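This one's a predicted model, so the numbers in the text were calculated from it and none came from an experiment.
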Amino acid sequence: AAHLYPGAGTVLDIGGQDSKAIRLGPHGRVLRFEMNDRCAAGTGRFLEVILGRLGVGLEDAPELAARATGEVPVSSTCTVFAESEVINLINDGVQLPRIMKGLLQSLSVRVASLTHRLGVVEDVVMTGGVAKNQGVQDAIEKKLKIQMKRFNGADPQLAGALGAALLGQRRLEKLRENGAAGGEVRKPLGRRQRRGEGLLDQPVVAAADQLGVGLDPGDGLVAVGDREQLLDLGQALRPLPAGRLNASWRPARSRHPAIS
């Protein structure tokens, strides 16, 4: 959410199974987090179940609620009880638009209660599949007395997936900086530099050639390759006496002797 709207101070994330209120700090850092995952009340599943009972599509709910001249409160906090309550309202002849508006208000009350636990800090944005329902957004704005910000051209339902991808990208970049994910790694093997003196003899040269690992004799003997190549080289050099390798290559130091 912070990537899509950098000025966000509060995120309301309403998905199919849970609803969350998140307070953000500088650079999108999470400061506080409140979540309702105990039941479907206040989630997309709540809306889906009730609309299914009413025979109304998700895309039709906002327009239907907008036609209401008033609302009928749906007070039950449990989805099952709310479904029974709606059935009773239908049997009592209550108009469908009024029931629909009451449902949206009921959902907004639950979300507002969650949000008030951490306090509302503007700007407020909404993510998750329910954010695509304009009727829910309008009801929440009215309840919280705020004007939520919209994402320009972005699908709010994909905000969580986008965030996971961005975190993965940052993690990969950090691993590459540390030489642990495909970036070039330079790791000292030992002090011998000239061919014919210890480490530059076989089997080191043969193992390095076979694995595609470079051997740089510049400042001490250095193996050059990616993390996986050095792990494989470390395994190949296990039979060598420990005194011929730097300490970090010794089998006793690590399960993977190429990485200390």
Side-chain angles (χ1 to χ4, degrees), residues 1-51 58 61-62 64-66 68 71-83 85-86 99-152 154-164 166-167:
H3 178 80
L4 295 173
Y5 193 89
T10 303
V11 179
L12 305 180
D13 182 80
I14 309 177
Q17 302 299 325
D18 57 50
S19 53
K20 297 177 283 289
I22 307 166
R23 170 92 64 81
L24 299 181
H27 310 295
R29 181 180 179 184
V30 176
L31 300 180
R32 291 194 61 188
F33 182 94
E34 292 287 342
M35 179 176 180
N36 169 35
D37 59 354
R38 296 179 182 177
C39 68
T43 70
R45 181 60 179 165
F46 169 84
L47 201 58
E48 185 178 35
V49 168
I50 306 301
L51 291 181
L58 287 170
L64 192 61
E71 65 185 65
V72 178
V74 178
S75 57
S76 298
T77 58
C78 172
T79 301
V80 176
F81 294 153
E83 185 177 3
E85 188 175 348
V86 166
I99 297 176
M100 183 58 57
K101 190 169 183 179
L103 280 172
L104 299 184
Q105 289 298 324
S106 176
L107 193 148
S108 72
V109 168
R110 290 165 177 79
V111 175
S113 175
L114 196 67
T115 307
H116 285 313
R117 296 180 198 172
L118 51 78
V120 179
V121 175
E122 298 193 57
D123 291 334
V124 181
V125 296
M126 189 173 171
T127 61
V130 179
K132 301 169 77 170
N133 189 305
Q134 187 61 48
V136 174
Q137 286 207 32
D138 293 342
I140 293 175
E141 287 179 333
K142 182 178 179 181
K143 190 65 180 179
L144 292 176
K145 299 179 180 179
I146 59 170
Q147 182 70 41
M148 286 192 287
K149 305 300 181 182
R150 271 61 169 178
F151 301 130
N152 291 325
D155 188 340
Q157 190 170 2
L158 301 180
L162 175 61
L166 289 170
L167 288 174

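Using modelled atom types, no side-chain atom of Ser113 and backbone atom of Val109 make a donor-acceptor pair closer than 3.5 Å. Not a single donor-acceptor pair under 3.5 Å links the side chain of Ser19 to the backbone N or O of Thr43.
Atom CG of Asn133 sits about 9.0 Å away from atom CG of Leu107, to the nearest 0.5 Å. Taken to the nearest 0.5 Å, the CG atom of Leu158 stands 11.0 Å off from the CZ atom of Phe151. The CD1 atom of Ile99 sits 13.0 Å away from atom OG of Ser106, with the distance rounded to the nearest 0.5 Å. If you take CE on Met35 and CG on Leu114, they are separated by 9.5 Å, rounding to the nearest 0.5 Å. For the atom pair CZ of Arg45 and CD1 of Ile50, the computed distance is 10.0 Å after rounding to the nearest 0.5 Å.
A salt bridge links Arg150 with Glu141: at least one charged nitrogen is closer than 4.0 Å to a carboxylate oxygen.
By the 4.5 Å heavy-atom criterion applied to side chains, Met126 and Gln137 are counted as neighbours. Using a 4.5 Å cut-off on side-chain heavy atoms (C-beta onward), Phe33 and Arg23 make no contact. Under the 4.5 Å side-chain criterion, counting only non-hydrogen atoms from C-beta, Tyr5 is not in contact with Asn152. The side-chain heavy atoms of Leu24 and Arg29, taken from C-beta on, include no pair separated by under 4.5 Å. In this structure, the side chains of Glu122 and Thr10 stay at 4.5 Å or more apart for every pair of heavy atoms. The side-chain heavy atoms of Lys132 and Asp155, taken from C-beta on, include a pair separated by under 4.5 Å. Between Ile22 and Arg32 there is no side-chain heavy-atom pair separated by less than 4.5 Å.
When all heavy atoms of Ala154 and Leu4 are compared, the closest pair comes out as CB-CD2, 3.8 Å. Across all their heavy atoms, Val125 and Ala1 have their closest contact at CG2-CB, 4.2 Å. Considering all non-hydrogen atoms of both residues, Ala112 and Leu144 come closest at CB-CD2, 3.6 Å. Residues Ala61 and Met100 approach most closely at O-CG, 3.6 Å, considering heavy atoms. Heavy-atom minimum distance, Gly28 versus Ala2: CA-CB, 3.6 Å.
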side-chain contact (heavy atoms from CB on, under 4.5 Å) assessment of His3 paired with Leu166: CA-CA 9 Å; His3 178 80; Leu166 289 170; 3.5 Å; yes
CA sep, side-chain torsions, deciding dist, call: Ile140, Met148, side-chain contact (heavy atoms from CB on, under 4.5 Å): CA-CA 9 Å; Ile140 293 175; Met148 286 192 287; 4.2 Å; yes
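Surrounding NZ of Lys143 are at most 12 heavy atoms belonging to other residues, nucleotides or ligands under 6.0 Å away.
Phe46 carries Arg110 over the face of its six-membered ring, with the cationic atom under 6.0 Å from the centre and within 45° of the normal.
Between the side chains of Asp138 and Gln134, a donor-acceptor pair is found at a separation under 3.5 Å.
Each of Leu12, Leu103, Leu104, Val111 was checked for a side-chain contact (heavy atoms from CB on, under 4.5 Å) with Val136, and the lone residue meeting it is Leu104.
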